[in-house]
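Just below is one structure, and these are the notes that go with it.
Here is how names work: the chains are called A, B, and so on, in the same order as the sequence lines, proteins then strands, and each is numbered from 1.
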Amino acid sequence: DAGITQSPRHKVTETGTPVTLRCHQTENHRYMYWYRQDPGHGLRLIHYSYGVKDTDKGEVSDGYSVSRSKTEDFLLTLESATSSQTSVYFCAISGNSGASYNEQFFGPGTRLTVL
Amino acid sequence: AQKVTQAQTEISVVEKEDVTLDCVYETRDTTYYLFWYKQPPSGELVFLIRRNSFDEQNEISGRYSWNFQKSTSSFNFTITASQVVDSAVYFCALSLMEYGNKLVFGAGTILRVKS
């Protein structure tokens, strides 16, 4: 299995508080992604990174920011959490070339509840 | 824009029945990848198959088979002789062979296999 961990795995927070989710990989893969999973929508891309300090928006980026200061870590921040951001968040990675480029490996997910 | 449609929200079958999960995709690109992922009740995302747009050959892996038809933009997944352990949410996804390799997911199909 690809070495991807997410922390925390579960979090309950209150509306208006900042929240940061961490994705850590040990595969030295170039690309990292954050998705959210909601019933009826499957997974939707929030932000992704194509290298250290190189990030771009996905389909549902409003209310989220990301940072990648090291190859192995990709942080997702909710500056002021809202109840609509209650979801399961998945991090994924893919490599630079070949088979690892076209396949995304997913972390275990983080369940976030915003009250 | 890319889109993946899984019209079947939920399917229930009795063990040993065959079941087909439908996936229809939309893209204007000629080079792309199609995927199927399985999400068992434990929540992790399990990669099942990747197919590139140049390879329409059907694939069989044990009880699983996939039928890719570019003419109808479909990538259907069949489980033969279903088992209770096949109960899960199944996602079809599309990515373009472009910078970033972002995945677009369908909404998922819940498969319930009853004993």
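- Note: Lys102(B) NZ to Gln104(A) CD = 10.0 Å, rounded to the nearest 0.5 Å.
- Open room surrounds CZ on Arg112(B); 12 or fewer heavy atoms of other groups in view lie less than 6.0 Å from it.
- Surrounding CZ of Arg44(A) are more than 12 heavy atoms belonging to other residues, nucleotides or ligands, all under 6.0 Å away.
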Cut-off 3.5 Å, no hydrogens considered: what does the side-chain donor-acceptor table look like for residues 14-22 of chain B, sequence neighbours left out?
residue, atom, partner, partner atom, Å
Glu17(B), OE2, Val14(B), N, 3.4
Asp18(B), OD1, Ala81(B), N, 2.8
Thr20(B), OG1, Thr78(B), OG1, 2.8

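- Results of the ring-ring contact (aromatic ring centres under 6.0 Å, His included) test with Phe106(A) over Tyr37(B), Phe47(B), Phe91(B) single out Tyr37(B) as the only residue that passes.
- The contact between Leu45(A) and chain B is made entirely by side chain atoms (from C-beta outward), counting heavy-atom distances below 4.5 Å.
- Annotation for Ala107(B) and Gly40(A): closest pair CB-O, 3.4 Å, computed over non-hydrogen atoms.
- In the displayed structure, Lys70(B) atom NZ is contacted under 6.0 Å by more than 12 heavy atoms of other residues, nucleotides or ligands.
- In this structure, Gln39(B) and Gln37(A) approach most closely via the heavy-atom pair OE1-NE2, 2.8 Å.
- Looking only at distances, a side-chain donor or acceptor of Tyr35(A) sits under 3.5 Å from a matching main-chain atom of Leu103(B).
- Residue Leu115(A) places its CG atom among more than 12 non-hydrogen atoms of other residues, nucleotides or ligands, all under 6.0 Å distant.
- For CD of Glu10(B), the number of neighbouring non-hydrogen atoms (other residues, nucleotides, ligands) closer than 6.0 Å is greater than 12.
- Per-residue counts of heavy-atom pairs under 4.5 Å with chain A were compared for Gly106(B), Ser42(B), Gly108(B), Ala93(B); the largest is that of Gly106(B).
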